[in-house]
Amino acid sequence: MKIQLNGQEKQFNAPLTVGALLEQLGLTGHRVAVEVNREIVPRSRHEGYQLHEDDRVEVVFAIGGGTWR
Amino acid sequence: MAVTAETIHSTPNDPLVIAGKAYTSRLLVGTGKYRDLEETRRAVEASGAEIVTVAIRRTNIGQNPNEPSLLDVLPPSKYTYLPNTAGCFSVEDAVRTCRLARELLDGHDLVKLEVLGDEKTLFPDIPQTLAAAEILIKDGFKVMVYTNDDPIVAKRFAEMGCVAVMPLAAPIGSGLGIRNPYNIRFIVEEAKVPILVDAGVGTASDAAIAMELGCDGVLMNTAIAAARNPVLMAHAMKKAVEAGREAYLAGRMPRKQYGSPSSPLGGTFF
């Protein structure tokens with residue numbers, strides 16, 4: 001199955017959930033927020049949320065930033 | 001109770017209140033542009049700031065996820081995070097960023113909204129900022145809004161329900177200081193919500209001037225991060241904001257055109 005992950009195409013052997021994706025990325029338990037096709041997937045739903053072919057997934061976090069680009 | 005120098009020093013009775021929460025420090029700082037996380041931590045600590053802005057960005061896929069992050073050095077238990085929409089040029093991007101930030105920070109709803117209109121000046125796009133503010137306020141966000149120094153627009157943002165209005169002193173990252181003190185004064189005079197100068201401060205005296213004009217606070221990033229010694233500048237800014245606030249509360253002497261002796265004229269022997 002292929003998805004667009006943070007703007008890059010990623011191939012996976014089997015269908016997976018958001019929770020399983022985060023686990024593969026080593027991000028389980030880390031403070032991240034997930035959006036699938038521009039809809040937020042709340043943390044409580046990561047485990048059960050099934051990803052589909054060509055889903056556009058964004059995984060974001062907080063970094064240093066101020067009043068500039 | 002009247003605010004005097006004595007009471008300021010003895011009790012924190014001159015708080016900055018934003019969206020119902022009281023803060024002792026009137027200096028808000030950004031966390032971008034520092035050499036590393038340790039310098040960020042030391043500068044933020046030296047500034048005395050209680051509210052820190054953060055950016056929301058993609059995680060680096062493939063990078064070690066266990067590297068220390070901003071949240072480790074500036075724990076959200078100690079600081080109030082102010083996620084910002086820095087770098088957003090559209091209503092949609094700004095609203096998306098705020099919603100992701102709320103999810104990321106467990107329902108935290110205080111955000112800094114900026115929608116930029118131009119890459120070169122980084123001036124805000126006011127029609128888009130108004131549209132984004134309306135959506136965010138309806139969605140339950142507490143919006144601190146970055147705007148230009150137009151008093152009419154500032155008033156509009158306050159009326160629509162923004163919890164703070166933050167006019168620029170000069171373009172973001174320019175360090176040019178307060179370019180239009182008269183407009184900032186008009187904005188402060190009409191203010192129904194806290195007014196914070198956001199962007200354009202270059203050095204300590206700029207921050208003091210903003211506070212002397214009656215602003216409720218100052219938000220800055222580059223002035224500290226791009227100083228030769230950011231930690232020392234952070235401390236200077238803390239004192240400048242405090243000094244400017246006290247001078248504003250104290251009420252400055254009137255300006256006079258000619259000299260006026262401060263020693264008694266009677267009793268001279270010459």
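Chain letters run A, B, ... following the sequence lines, proteins first and then strands; every chain starts at 1. Both backbone and side-chain heavy atoms feed into the values below; hydrogens, waters and symmetry mates do not.
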Discussion item. For the CD atom on A:Glu53, are there more than 12 heavy atoms of other groups (residues, nucleotides or ligands in this structure) within a distance under 6.0 Å?
Written reply: yes
Item to complete: Might you point out which heavy atoms bring A:Gly64 and B:Ala55 nearest each other, and give the distance in Å?
Response: O-CB, 4.2 Å
Worksheet item: Between B:Arg58, B:Arg99, B:Arg102, which shows the greatest number of heavy-atom pairs under 4.5 Å with chain A?
Response: B:Arg58
Discussion item. Do A:Glu58 and B:Arg96 have side chains that approach each other closer than 4.5 Å (heavy atoms only, starting at C-beta)?
Written reply: yes
Fill in: Contacting region of B:Ile61 [heavy-atom separation from chain A under 4.5 Å]
side chain
Item to complete: Examine whether an atom of B:Leu105 lies under 4.5 Å from a heavy atom of chain A, and if so say whether it belongs to the side chain, the backbone or both; otherwise answer neither.
Response: both
Worksheet item: Side chains of B:Leu104 and A:Arg31: closer than 4.5 Å at any heavy-atom pair?
Response: yes
Discussion item. A quick test of your reading: do over 12 heavy atoms of other residues, nucleotides or ligands sit less than 6.0 Å from CD of A:Gln11?
Written reply: yes
Discussion item. Can you tell me if A:Glu35 has over 12 outside heavy atoms packed within less than 6.0 Å of its CD?
Written reply: yes
Practice prompt. Go through B:Asn60, B:Thr59, B:Thr85, B:Leu37 and name the one with the most non-hydrogen pairs under 4.5 angstrom from chain A.
Written response: B:Thr59
Fill in: Toward chain A, the part of B:Ile56 with a non-hydrogen atom under 4.5 Å
both
Fill in: Top of B:Leu74, B:Leu70, B:Leu100, B:Leu71 for chain A proximity - count of heavy-atom pairs under 4.5 angstrom
B:Leu100
Worksheet item: Do the charged groups of A:Arg38 and B:Glu92 touch, with an N to O distance under 4.0 Å?
Response: yes
Practice prompt. Output yes when a side-chain donor or acceptor of B:Glu103 lies under 3.5 Å from a complementary backbone atom of A:Ile40, and no otherwise.
Written response: no
Fill in: Side chain, backbone, both or neither of B:Thr40 within contact of chain A (heavy atoms, under 4.5 Å)
neither
Item to complete: Go through A:Val34, A:Val60, A:Val32 and name the one with the most non-hydrogen pairs under 4.5 angstrom from chain B.
Response: A:Val60
